[in-house]
Amino acid sequence: MAFQPPYSPSLFRKRDNASGASVVAIDNKIEQAMDLVKNHLMYAVREEVEILKEQIRELVEKNSRLERENTLLKTLASPEQLEKFQSRLSPEEPVPETPQAPEAPGGSAV
């Protein structure tokens, strides 16, 4: 036995023309309602995508700023401070490479 969906407009169209016209009207209303729901969902999704894109931009900027700050702090830290910091890292974490600070004419790293 073939599967029959619970609602098939063709089942109703076999009746007289008056009820056939009302079925077509109902079908049109259903289609309009589905289009409205689809449009609403698409709008909501687009809005959410824009919000997420903005959050990603903000996080990328923050990450970049923190990376620059981290690099600066590493260049300003003394070798003893770096060694103390690295000893506090857990053994599972890889020890990051420390960049060599360019020496300023006065012997300062700034």
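Just so you know, these numbers come straight off a predicted model, no measurement behind them.
- To the nearest 0.5 Å, atom CG of residue Leu36 and atom CD of residue Gln32 are 9.5 Å apart.
- Judged by distance alone, with hydrogens and angles left aside, the side-chain atoms of Ser64 form no donor-acceptor pair with the main-chain N or O of Val60 at under 3.5 Å.
- Put simply, CD on Glu69 and NZ on Lys62 are 11.0 Å apart, with the number rounded to the nearest 0.5 Å.
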Requested in this report: Kindly determine whether Glu80 and Glu83 satisfy side chain to side chain contact (heavy atoms under 4.5 Å, CB included), including the steps that lead there.
Outcome: CA-CA 5 Å; Glu80 295 82 22; Glu83 187 177 318; 5.7 Å; no

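- In terms of modelled atom types and a separation under 3.5 Å, the side chain of Gln81 and the main chain of Ser78 share a donor-acceptor contact.
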Q: Give the intermediate values and the outcome of side chain to side chain contact (heavy atoms under 4.5 Å, CB included) for residues Lys74 and Asn70.
A: CA-CA 6 Å; Lys74 283 181 182 180; Asn70 188 33; 3.7 Å; yes

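- Cluster membership check: Met34 shares its hydrophobic cluster with Ile26, using side-chain heavy-atom separations under 4.5 Å among Ile, Leu, Val, Met, Phe, Trp and Tyr.
- Within the model, atoms NZ of Lys53 and CD of Glu48 stand 12.5 Å from one another, a figure rounded to the nearest 0.5 Å.
- To the nearest 0.5 Å, atoms CD (Glu54) and CD1 (Ile51) are separated by 10.0 Å.
- The distance from the CZ atom of Arg68 to the CG atom of Leu66 is 9.0 Å, given to the nearest 0.5 Å.
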